[in-house]
Amino acid sequence: MKNYIERGGYMWNYKIKKISVLSVFKFTFLYGIIIGAIFGLIGGLLGSIGDARLFGMGIFGGLLFGIIYGIILSLFSALGAWLFNLISGVIDGIDVELVKKDE
């Protein structure tokens, strides 16, 4: 890092003190639904190979799994963000060092 500063780079030290619980919830809800639906659909389709009657149930089960996965993931992530906010008041947050990218 010392060589970077000698070459004219810049560093900024910041501290993460608070995370928006609602933004974490929204992001992980959509992310969880997309990832859960993809893996659920793959699992449902692979599980229905060889029996055409199970094909529709596999797709429905995969989509249902994606929605449930998204809800559970977003609830636990929001809980984690809330706990971070609670604990960061005691330990004074997380130090982050940012380096300006050369253009």
Side-chain angles (χ1 to χ4, degrees):
M1 191 55 70
K2 194 175 200 181
N3 291 336
Y4 183 79
I5 296 171
E6 290 171 357
R7 290 191 317 247
Y10 303 96
M11 291 190 322
W12 294 276
N13 290 321
Y14 289 98
K15 187 175 296 265
I16 300 175
K17 300 272 291 180
K18 186 175 181 182
I19 298 174
S20 171
V21 175
L22 183 60
S23 68
V24 169
F25 179 85
K26 290 188 295 187
F27 175 80
T28 55
F29 182 70
L30 185 59
Y31 176 80
I33 286 177
I34 291 169
I35 295 299
I38 289 171
F39 286 115
L41 285 173
I42 291 170
L45 291 173
L46 292 177
S48 66
I49 290 178
D51 193 352
R53 293 175 296 167
L54 296 177
F55 183 74
M57 289 176 57
I59 291 177
F60 176 74
L63 292 175
L64 184 64
F65 172 79
I67 293 170
I68 291 171
Y69 180 76
I71 291 170
I72 292 171
L73 180 68
S74 59
L75 289 175
F76 278 108
S77 298
L79 177 65
W82 179 78
L83 284 173
F84 173 83
N85 292 338
L86 188 67
I87 293 170
S88 75
V90 176
I91 62 169
D92 200 30
I94 296 175
D95 292 328
V96 179
E97 184 177 292
L98 302 175
V99 177
K100 185 175 182 181
K101 187 171 101 172
D102 292 331
E103 296 181 24

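For the numbers below, each heavy atom of this structure counts, side chains included, while hydrogens, waters and symmetry mates do not.
A distance of 5.5 Å separates CG in Leu75 from CZ in Phe25, rounded to the nearest 0.5 Å. Taking CD1 from Ile94 and NZ from Lys15, the interatomic distance works out to 10.0 Å, rounded to the nearest 0.5 Å. Atom-to-atom distance recorded for Ile33:CD1 and Ser74:OG is 7.5 Å, nearest 0.5 angstrom. Residue Phe27 holds its CZ atom at 9.5 Å from CG of Leu73, rounded to the nearest 0.5 Å.
Among residue pairs with one or both ends in residues 23-45, those qualifying as side-chain hydrogen bond (donor to acceptor under 3.5 Å, both in side chains) are Ser20-Ser23; sequence neighbours excluded.
Listed for the Asn85 side chain is a donor-acceptor partner under 3.5 Å among the backbone atoms of Ile19.
Trp82 is not listed as a side-chain neighbour of Val24, based on a closest heavy-atom distance of 4.5 Å or more. Using a 4.5 Å cut-off on side-chain heavy atoms (C-beta onward), Phe84 and Ile16 make contact.
Other residues, nucleotides and ligands place no more than 12 heavy atoms under 6.0 Å from the NZ atom of Lys18.
In the hydrophobic clustering of ILVMFWY residues, with side-chain heavy atoms under 4.5 Å counting as a link, Ile87 and Leu79 come out apart. When hydrophobic clusters are built by joining Ile, Leu, Val, Met, Phe, Trp and Tyr residues whose side-chain heavy atoms come closer than 4.5 Å, directly or via intermediates, Ile35 is not grouped with Ile67. Tyr69 is not connected to Leu30 by any chain of hydrophobic side-chain contacts under 4.5 Å among Ile, Leu, Val, Met, Phe, Trp and Tyr, and they are in different clusters. A continuous path of ILVMFWY side-chain contacts below 4.5 Å connects Ile68 to Phe76, so both sit in one hydrophobic cluster.
Closest non-hydrogen pair, Ser88 versus Lys17, comes out as OG-O, 2.6 Å.
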